[in-house]
Amino acid sequence: MKKTKKPSPRANETRRQRRAAASLIERRKCSNPKRRAMLEASPAEWLRHYLHAAFPLPFGDVHLRMIEAAARAVETGSGMACAAPRGTGKSTVLWGVALWALLSGRCRFPVVAGWAHAAARRMLKKWISTLAENARIQADYPEATAPFEESTHANRLKHTAWADNGEATGADVQTGGGTVVLPSGLGALGAVSISGNTRGLSVGLPDGSTARPDVLFLDDPQSKEVAESPKLARAAVEKIEGDLFSVAGPDSRLSIMVACTVASSGDVAEHFLSHPDFEGVRVGQVVRWPDGWEADTSPTRALWDEWNKARVAGVS
């Protein structure tokens with residue numbers, strides 16, 4: 001039987017040095033500080049520039065009002081509740097605003113909480129891929145993205161270090177906990193489900209300290225079943241206010257914004273829209289009906305009825 005030749009000590013050392021070198025991350029400076037500062041002052045413009053793939057078209061009024069409400073909650077601490085029709089991109093807007101808020105330094109740990117666990121996983125993956133692959137963000141926020149450009153795997157990230165001083169970057173991906181930790185204690189992003197266990201939600205930072213959420217975005221916090229049942233709606237509100245509203249800890253302030261759709265009278269959405277601690281913003285789906293809409297001979301009404309027949313046939 002042929003014996004396998006053992007690697008020499010010198011070969012082992014060479015491989016060790018190569019692995020160590022591969023985990024060293026070069027620090028880079030922002031390529032355009034003036035552009036970065038200008039865009040940070042306008043969340044909608046920031047989203048359109050840095051997250052152009054997610055927002056390729058100009059924003060409509062509904063998107064601008066959602067962005068404004070979310071940014072106001074972040075910057076002033078005001079409780080905001082914004083109701084908008086389904087299909088208007090509420091989840092994507094909250095995903096983008098959370099990234100803007102963190103990278104611009106307006107908060108340290110924004111969390112988006114939605115009804116479905118699968119939606120939270122998708123949001124987390126989108127943040128990770130953005131940090132790892134988005135060239136525009138990498139150009140102007142290299143201090144946040146550099147380790148993720150090297151790897152997005154938790155074990156590999158834990159062994160990354162800055163090339164200039166050898167200190168650990170602190171970047172991490174905690175898929176189970178639904179968090180992404182930025183390097184050098186810059187903060188973290190969180191995506192969780194409302195039905196999950198969010199008590200004690202926190203992340204460890206490189207200096208040994210612990211960060212807890214300081215901004216909470218509620219993304220459509222109810223299902224159709226919950227919206228149609230007063231009992232289930234009350235239980236959902238109790239879960240949200242009992243668990244999620246305390247994620248910042250007993251002595252810290254939590255900024256909250258709710259993006260929702262009213263489905264039934266007295267549902268979870270209406271609870272927050274009418275809550276005394278929240279400013280309610282309602283964006284209607286129909287701004288104005290066409291002239292002559294009420295007339296039986298209205299050609300616009302005839303087109304609407306024709307489209308509605310096709311719509312009903314398609315969903316039945």
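Heavy-atom basis, side chains included; hydrogens, waters and symmetry copies ignored.
Counting heavy atoms from C-beta outward, Phe109 and Leu102 have side chains that stay 4.5 Å or more apart. Side chains of Val203 and Val180 form no contact here, defined as non-hydrogen atoms less than 4.5 Å apart. A 4.5 Å side-chain heavy-atom check between Met257 and Val97 finds every atom pair outside the cut-off. In this structure the side chain of Leu157 never reaches within 4.5 angstrom of the side chain of Asn155, judged on heavy atoms. By the 4.5 Å heavy-atom criterion applied to side chains, Thr130 and Trp95 are counted as neighbours. Between Asp220 and Arg86 there is a side-chain heavy-atom pair separated by less than 4.5 Å. Residues Pro221 and Ile240 meet the side-chain proximity criterion, which asks for heavy atoms closer than 4.5 Å. Residues Cys82 and Val283 are in side-chain contact: their nearest non-hydrogen atoms beyond the backbone lie under 4.5 Å apart.
Between Arg253 and Asp214 there is no salt bridge, since none of the side-chain N atoms of the basic residue sits less than 4.0 Å from a carboxylate O of the acidic one. By the 4.0 Å N-to-carboxylate-O rule, Arg27 lies close enough to Asp164 to be salt-bridged with it. For Arg36 and Glu40, the salt-bridge test passes: some basic side-chain N is under 4.0 Å from an acidic carboxylate O. A salt bridge links Arg28 with Glu149: the closest approach of a Lys/Arg side-chain nitrogen to an acidic carboxylate oxygen falls below 4.0 angstrom.
Applying the side chain to side chain contact (heavy atoms under 4.5 Å, CB included) rule to Thr88 yields the partners Val62, Met66, Ala84, Pro85, Lys90; only residues at least two apart in sequence or on another chain are considered. In this structure His271 satisfies the ring-ring contact (aromatic ring centres under 6.0 Å, His included) test together with His275, sequence neighbours excluded.
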(request) Run the numbers on Gln174 and Thr179 for side chain to side chain donor-acceptor pair (under 3.5 Å), then give the verdict. (result) CA-CA 5 Å; Gln174 301 172 3; Thr179 58; 3.0 Å; yes
(message) side chain to side chain contact (heavy atoms under 4.5 Å, CB included) for Phe278 and Val258? Distances and angles first, verdict last.
(response) CA-CA 9 Å; Phe278 286 79; Val258 184; 4.0 Å; yes
(request) Tell me, with the steps shown, if Glu270 and Ser265 meet side chain to side chain contact (heavy atoms under 4.5 Å, CB included). (result) CA-CA 7 Å; Glu270 284 207 335; Ser265 176; 4.1 Å; yes
(message) Using side chain to side chain contact (heavy atoms under 4.5 Å, CB included), reason through Ile67 and Trp100 one step at a time and then give a plain yes or no.
(response) CA-CA 11 Å; Ile67 294 168; Trp100 161 79; over 6 Å; no
(request) Test side chain to side chain contact (heavy atoms under 4.5 Å, CB included) on Asp140 and Cys30 and set out the steps. (result) CA-CA 4 Å; Asp140 285 357; Cys30 171; 3.9 Å; yes
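Between the side chain of Ser129 and the backbone N or O of Lys126 there is at least one donor-acceptor pair closer than 3.5 Å. Arg72 places no side-chain N or O within 3.5 Å of a backbone atom of Met80 that could act as its donor or acceptor partner. Judged by distance alone, with hydrogens and angles left aside, the side-chain atoms of Trp127 form no donor-acceptor pair with the main-chain N or O of Leu189 at under 3.5 Å. In terms of modelled atom types and a separation under 3.5 Å, the side chain of Glu167 and the main chain of Trp162 share no donor-acceptor contact. In this structure, Asn134 contributes its side chain and Tyr50 its backbone to a donor-acceptor pair below 3.5 Å. In this structure, the side chain of Glu225 does not engage the main chain of Leu232 through any donor-acceptor pair within 3.5 Å. In this structure, Arg48 contributes its side chain and Phe55 its backbone to a donor-acceptor pair below 3.5 Å. No donor-acceptor distance shorter than 3.5 angstrom exists from the side chain of His49 to the backbone of Trp46, with no hydrogens or angles considered. Ser209 places no side-chain N or O within 3.5 Å of a backbone atom of Leu205 that could act as its donor or acceptor partner. A donor-acceptor pair under 3.5 Å is absent between the side-chain atoms of Ser264 and the main chain of Asp267, judged by distance alone.
When hydrophobic clusters are built by joining Ile, Leu, Val, Met, Phe, Trp and Tyr residues whose side-chain heavy atoms come closer than 4.5 Å, directly or via intermediates, Val111 is grouped together with Val268. Residues Leu186 and Val112 share a single hydrophobic cluster, defined by chaining ILVMFWY side chains whose heavy atoms lie under 4.5 Å apart.
The environment of Glu68 atom CD is sparse: at most 12 non-hydrogen atoms of other residues, nucleotides or ligands sit within 6.0 angstrom.
Shortest non-hydrogen contact noted between Pro147 and Ala171 is CB-CB, 3.7 Å. Listed here is the closest heavy atom pair of Val181 and Gly170: CG1-O, 3.7 Å. Between Cys107 and Val215, the closest heavy-atom pair is CB-CG2, 3.7 Å. Nearest heavy atoms, Ala191 versus Met123: CB-CB, 4.1 Å.
Taking OG1 of Thr92 as the reference point, atom CG of Leu94 lies at 9.0 Å (rounded to 0.5 Å). Atom CZ of Arg136 and atom CG of Leu39 lie 10.0 Å apart (nearest 0.5 Å). If you take CG on Leu182 and CG on Leu103, they are separated by 6.5 Å, rounding to the nearest 0.5 Å. The distance from the SG atom of Cys260 to the CD atom of Gln222 is 7.5 Å, given to the nearest 0.5 Å. Note that CD of Glu45 is 13.5 Å distant from CZ of Arg35, once rounded to the nearest 0.5 Å. In this structure, Glu150 CD and Arg156 CZ are separated by 4.5 Å, a value rounded to the nearest 0.5 Å.
Of the residues listed (Pro183, Ser23, Ser184), the one engaging Thr169 in a side chain to side chain contact (heavy atoms under 4.5 Å, CB included) is Pro183, and it is the only one.
Relative orientation of the Phe245 and Phe272 rings is tilted, given thresholds of 30° and 60° on the angle between their planes.
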